[in-house]
Structure formats: structure tokens, C-alpha cells
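Numbers here are sequence positions counted from 1. Source: prediction; values computed, not measured.
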Amino acid sequence: MANTKFIFVTGGVTSSLGKGILAASLAKLIQARGYSVTIQKLDPYLNVDPGTLNPYEHGECFVTDDGAETDLDLGHYERFLNVPTSQANNVTTGRIYQTVINKERKGDYLGKTVQIIPHITDEIKRCIMLLGKRGDYDAVVTEIGGVVGDIESLPFIEAVRQLKWELGGDALCIHLTLVPYLAAAGEIKTKPTQHSVKKLLEIGVQPDILVLRTEHDLNNSIRQKVALFCNVDKNAVFESPDLQSIYEVPLSFYKQGLDEVAMSKLRLPIKRDPDLEAWKDKLNRLYNLKDIVKIAVVGKYVELPDAYKSIHEALNHAGMVNNVKLDIEWVHSEKLNDNNVAEILGDKKAILVAPGFGHRGIDGKIIATRYARENNIPFLGICLGMQCAVIEFARNVLGIADANSSEFCITPNPVIDIMEQQKAITNMGHTMRLGAYPCHIIDQDTNAFRAYGTDTIQERHRHRYEFNNTYLADMEAHGMKAIGRNPESDLVEIVEIKDHKWFVGVQFHPEYKSRFETPHPLFVAFIKAAIS
């Protein structure tokens with residue numbers, strides 16, 4: 001193709017309408033028609049990235065192969081498109097301003113007054129166009145975080161206005177907005193959508209397509225009314241209803257013809273019908289699961305669903321492969337103790353101890369780990385979850401009562417210790433061990449090897465602390481084996497207890513690489529162990 005096409009997705013009325021799912025669904029449909037597509041998220045907050053944000057503030061921090069700490073929507077992008085994202089796929093206001101200010105300090109703007117327009121907007125446009133200039137993609141879908149009318153989003157919307165003018169027919173804007181239902185009046189109201197579009201028009205952006213988020217079916221008269229008041233073609237107004245699964249959304253939009261309208265407006269030839277058979281088969285299997293398996297996820301952010309979004313999706317992917325529906329109990333680790341652990345975890349067929357940072361809730365995670373080990377319950381510990389397994393084993397099997405992580409306290413027995421490369425680091429942002437690293441599985445008679453089917457894997461990391469190899473020989477002599485190592489640093493990546501039904505701890509984050517069409521093998525094996 002001569003020109004990359006650009007699709008901008010904005011939101012109105014309220015946040016959390018599902019712009020990320022809309023972007024991922026449309027990209028999936030265009031991809032299924034034979035085009036190469038990627039998705040980008042523009043986040044309006046001043047943090048350079050979400051790496052230092054508490055999950056309560058922003059949900060899960062997703063990590064890419066190249067080590068970018070990004071918005072959780074990139075997880076949706078990868079799960080839908082089944083292709084990796086990168087640093088270029090997530091841009092924040094903080095990163096934009098940091099780049100412009102660094103250029104100013106170097107003298108790149110010497111003699112010029114640095115302003116929002118053109119300098120900030122030019123940098124935003126450069127970041128948007130970067131993915132298109134690489135020549136790898138026929139279409140780039142760019143989701144703009146926040147809601148039209150937010151002060152923080154204005155520079156991004158202004159950049160979109162300029163790009164729509166500059167790119168002409170190679171760019172379009174899709175506006176996702178809420179159409180609420182007032183139960184007292186028994187009516188669906190379009191006025192919030194009208195005002196949201198008018199706000200967008202004030203900035204100079206005319207949406208080409210409207211997607212109406214609704215809890216009730218919209219009739220033609222409502223769509224015609226919205227089209228009339230918002231200057232949009234009647235056939236370019238679509239609805240986004242509540243569905244049983246986010247993975248049904250692409251099929252819903254396909255039935256409505258969203259992708260065809262978008263491609264027509266972009267003059268993108270429709271080469272073939274979308275190949276969605278595998279997707280439909282997976283969804284059909286997901287909707288027809290009958291057997292139910294109870295498992296527990298133990299963490300300290302469980303009251304916030306988005307905090308463990310990738311884990312939740314990876315577990316459901318694995319349940320689908322194993323033909324079981326998972327009944328997941330999200331157990332708050334701060335509320336777990338020796339007196340109630342049997343009551344809470346006693347009926348669970350598997351226990352996953354989730355990642356995290358800081359001392360809060362650690363005792364509960366260690367108690368859950370011990371319960372799984374002593375009662376032969378399949379166990380998966382991820383990142384900090386693996387470290388808790390090491391601490392628990394050292395305390396209760398090796399008899400090292402004060403075994404701990406140096407992240408939590410000063411201890412004479414730091415079985416988990418800060419990485420050597422991290423000791424001199426003082427800045428917190430983007431300084432952890434991040435991104436994809438290789439791991440060699442040194443023993444084929446292990447759960448990990450049987451899951452992966454190979455002895456060489458690549459997984460994504462996000463941590464500062466590691467297994468302290470000083471204790472390795474003692475651990476292995478007592479039954480906890482370090483069966484996965486980084487070939488360059490000898491960092492312990494995977495531990496297993498061989499005389500246990502299924503006990504695996506991993507320093508990396510396998511959940512980041514699980515996809516709807518290709519579930520992660522470690523999660524698949526974990527759930528298989530739960531039902532075997």
C-alpha cells in the first residue's frame with residue numbers, strides 16, 4: 001500500500017466506555033481481512049509511563065517485549081491481534097513534554113518560544129506517525145485516553161485535528177460515546193452524545209463514525225436522530241451493547257458493518273471476507289463450558305479487577321482450552337491468616353499467588369503458598385508469588401525462621417535479594433529489569449518443560465529482586481529445584497517442587513503473552529493440573 005491509514009478513537013460523556021475494546025475489535029476485523037494493523041494508546045497523564053503508578057490509580061501495568069511499561073489496554077491489543085506491541089504503541093503526556101523540554105535544553109529550538117502549538121502537538125504527531133513511517137502496517141488505530149472536554153486531552157485532540165487535515169482521506173475519527181437509559185422516564189437519551197460531539201466540533205474535529213455505548217438496543221429512529229444532530233452519515237452510527245464476553249465485540253461490529261464503513265471511508269480496498277472462523281470456534285467453546293472448577297487468586301489488589309487484568313484473561317483462556325469454566329475467588333492476602341486459610345482455600349482446586357510490590361499483604365501470600373504446598377494443591381506463583389514460595393520454603397522446610405526478602409526488611413537471611421545491577425539505582429521510573437529475556441529449562445522431567453514443550457523460552461519481566469543463589473544448593477537438597485535459568489546471568493527464573501502434584505514459581509510474567517487464540521501453555525498446564 002502507498003499510504004498507511006490512520007484511525008483515531010476518541011471518547012465522550014464518561015470514561016470506561018471501552019475505547020480500548022472498540023479499537024482492538026476494529027483492528028481485529030481489518031486484520032482478518034488481510035491487512036497488517038497495529039494499535040496505539042495516547043494517555044493524557046503527566047507520568048512518563050505507568051510504571052510508578054499504584055494499581056489502584058491506573059490498574060495493571062502491562063510490559064512489552066522491548067521493556068516498555070504501558071497502559072493495560074496494550075494487553076487487550078495483543079490479546080486481540082496476537083502480535084506484540086512496543087514502546088511506540090503507548091505515548092503519555094509526560095513523555096511528550098519530557099522530549100520537548102529535553103530538546104529545548106539541548107538548543108534544538110534555539111531562538112524560538114516553545115509552545116503547546118506547534119511544539120507539543122508536533123511531537124504528538126511525530127509519535128503517531130512513527131508507526132506508519134516504519135512501513136510495517138497498512139493501518140494504525142490510535143486510541144486517545146480520557147474524555148473529550150478534559151483539559152489534559154486537548155493537545156492530543158488538537159494533534160488529531162491537524163493530522164486529519166494533513167492526511168485527508170487517509171485518516172478518520174471514530175467517537176465512542178454513552179447513550180444512557182433513564183429508567184424513571186423509560187427513555188434512551190441522546191443529548192449527552194450530541195453535546196459530546198459538539199465539544200469535539202468546537203476543537204475542530206468532525207467525527208466520521210459514531211459508536212454508541214448502550215445497555216439497551218437502539219432503534220433506527222434513535223440512530224437517525226444522532227446522525228442528524230451530529231453531522232454523521234446514517235450508516236455510520238453503530239451501537240456497542242453489553243455482551244457476555246469482550247471477545248464477542250468484534251463479531252458484533254462485523255454484523256453491523258463497522259469495518260466496511262471505516263474501510264470505505266479510508267478508501268481501503270476490501271480484499272476478502274474476514275477470516276474469523278477460529279475466533280468464532282473459541283468463542284463458541286467459551287460459551288458452552290459446563291464443568292466448573294474453583295480456583296483462588298491471592299493478591300493485595302483483588303478488589304480492583306483491572307489490577308490483575310492479564311492474569312484474569314490468561315486463566316479464562318486456559319479454562320477454555322481445558323473445557324472448564326473457572327470459578328475464580330479473588331482472595332485479599334491481607335485478610336488471609338492461619339486461622340481462616342483452610343476455610344477460604346480448602347475447596348479450591350488450584351491456588352495462584354499474584355505479583356506485586358511492597359510488604360503489605362505478604363504474610364497472607366506466604367500462608368497461601370504454605371497451604372498449597374502442604375496440601376498438594378496445584379500452585380502457580382508469579383514474580384513476587386514465586387519469591388513468596390522461596391521464602392515460605394526456606395522458613396518451613398529449611399528451618400530458616402528469619403528468611404525474607406531484602407525488599408521488605410533487613411534480614412541476615414535474604415533468600416530473595418536485590419539484583420546486583422539494581423544496587424546503585426536511585427531513580428524509580430523505568431529502572432527495573434524489564435522486557436523479554438531468555439530462560440533455559442535445564443530439566444525435561446518438569447512441569448515447565450512439559451507445558452512449553454521446549455527447553456528454551458522467552459518471557460517478559462518486571463522486577464528488582466531475585467532468588468539469592470547463595471541458598472540454591474540448600475534449597476535443591478531439600479526438594480525445591482531451580483529448573484529454569486537465564487543463560488547469561490544464571491538468574492533463577494523457574495522453581496518447582498518435584499514431589500508435589502504441580503508446584504511452579506516463575507520470576508517472569510507469563511500472563512502478558514496469553515492470547516484468546518493462543519492461550520499461554522503454563523496457564524493451560526496449571527488448570528489441567530487443577531482438574532486432573
Side-chain angles (χ1 to χ4, degrees), residues 55 289 291-305 307-319 322 324-356 358-397 403-405 408 416 447 451 479-480 494-506 509-511 522-532:
L289 300 175
D291 294 334
I292 298 176
V293 174
K294 290 184 177 182
I295 70 169
V297 176
V298 181
K300 59 181 180 179
Y301 308 113
V302 294
E303 64 269 45
L304 183 71
Y308 300 115
K309 191 64 179 175
S310 291
I311 288 176
H312 183 262
E313 295 302 315
L315 286 170
N316 284 327
H317 299 163
N322 285 287
V324 294
K325 184 177 182 179
L326 299 183
D327 179 3
I328 304 173
E329 182 173 349
W330 299 87
V331 179
H332 203 303
S333 58
E334 280 192 291
K335 298 178 180 178
L336 199 62
N337 55 56
D338 289 324
N339 296 323
N340 64 16
V341 62
E343 178 186 352
I344 294 173
L345 301 181
D347 63 341
K348 305 303 184 293
K349 300 300 182 183
I351 297 170
L352 187 152
V353 174
H359 183 267
R360 184 174 66 87
I362 290 300
D363 289 342
K365 289 187 174 186
I366 291 173
I367 288 168
T369 304
R370 181 176 185 176
Y371 188 84
R373 179 180 61 81
E374 293 183 341
N375 291 278
N376 206 30
I377 300 171
F379 170 88
L380 177 60
I382 297 176
C383 196
L384 182 60
M386 184 206 88
Q387 295 176 3
C388 287
V390 172
I391 294 169
E392 188 279 323
F393 195 85
R395 289 180 183 178
N396 299 310
V397 179
N404 216 323
S405 168
F408 310 139
I416 302 296
N447 294 314
M480 177 173 275
I494 308 174
V495 297
E496 291 193 12
I497 298 177
K498 285 206 169 185
D499 61 357
H500 191 280
K501 180 178 180 180
W502 203 94
F503 191 104
V504 178
V506 294
H509 289 261
E511 69 273 20
L522 201 60
F523 281 90
V524 172
F526 174 56
I527 298 305
K528 184 178 181 180
I531 63 178
S532 61

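Closest heavy-atom contact between Tyr301 and Ala307: CB-CB, 3.5 Å. The two residues Ala403 and Arg395 make their nearest non-hydrogen contact at O-NE, 2.8 Å. Here the closest heavy-atom approach between residue Ile362 and residue Cys388 is recorded as CD1-SG, 4.2 Å. Minimum heavy-atom separation, Asn376 to His500: CA-NE2, 3.3 Å. Nearest approach of Phe379 to Gly385, heavy atoms of both residues: CZ-O, 4.0 Å. Closest non-hydrogen pair, Phe526 versus Leu380, comes out as CE1-N, 3.6 Å.
Not counting sequence neighbours, the partners of Lys498 by the salt bridge (Lys or Arg N to Asp or Glu O under 4.0 Å) test are Asp443. For Lys309, the salt bridge (Lys or Arg N to Asp or Glu O under 4.0 Å) partners two or more places apart in sequence, or in a different chain, are Glu313. Under the ring-ring contact (aromatic ring centres under 6.0 Å, His included) criterion, Tyr308 pairs with no residue, sequence neighbours left out. Glu392 pairs by the salt bridge (Lys or Arg N to Asp or Glu O under 4.0 Å) definition with Arg373, not counting sequence neighbours.
Side-chain atoms of Gln387 never come within 3.5 Å of backbone atoms of Ile416 as a donor-acceptor pair (strictly under, hydrogens ignored). Checking side-chain atoms of Asn322 against main-chain N and O of Val524 turns up a donor-acceptor pair under 3.5 Å. A distance-only check finds a donor-acceptor pair linking the side chain of Lys300 to the backbone of Arg360 [under 3.5 Å]. His312 contributes no side-chain N or O that, together with a main-chain N or O of Ile328, makes up a donor-acceptor pair within less than 3.5 Å. The backbone N or O of Ile377 lies less than 3.5 Å from no partner atom in the side chain of Asn375, so there is not a single donor-acceptor pair.
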Intermediate values then yes/no, side-chain contact (heavy atoms from CB on, under 4.5 Å), Val506 and Met386: CA-CA 6 Å; Val506 294; Met386 184 206 88; 5.5 Å; no
Got a list of side-chain donor-acceptor pairs under 3.5 Å for residues 341-350, not counting sequence neighbours?
unit_1: Asp347; atom_1: OD2; unit_2: Lys294; atom_2: NZ; d: 3.2
unit_1: Lys348; atom_1: NZ; unit_2: Glu329; atom_2: OE1; d: 2.8
unit_1: Lys348; atom_1: NZ; unit_2: Ile344; atom_2: O; d: 2.7

Pairs under 3.5 angstrom only: tabulate donor-acceptor contacts from the side chains of residues 364-371 to other protein residues two or more places apart or in another chain.
unit_1: Lys365; atom_1: NZ; unit_2: Ala354; atom_2: O; d: 2.8
unit_1: Lys365; atom_1: NZ; unit_2: Pro355; atom_2: O; d: 3.4
unit_1: Thr369; atom_1: OG1; unit_2: Lys365; atom_2: O; d: 2.8
unit_1: Arg370; atom_1: NE; unit_2: Glu374; atom_2: OE2; d: 2.8
unit_1: Arg370; atom_1: NH1; unit_2: Asn396; atom_2: OD1; d: 3.3
unit_1: Arg370; atom_1: NH2; unit_2: Glu374; atom_2: OE2; d: 3.3

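Counted within 6.0 Å of NZ on Lys325, heavy atoms from surrounding residues, nucleotides or ligands total 12 or fewer; the atom is thus considered open.
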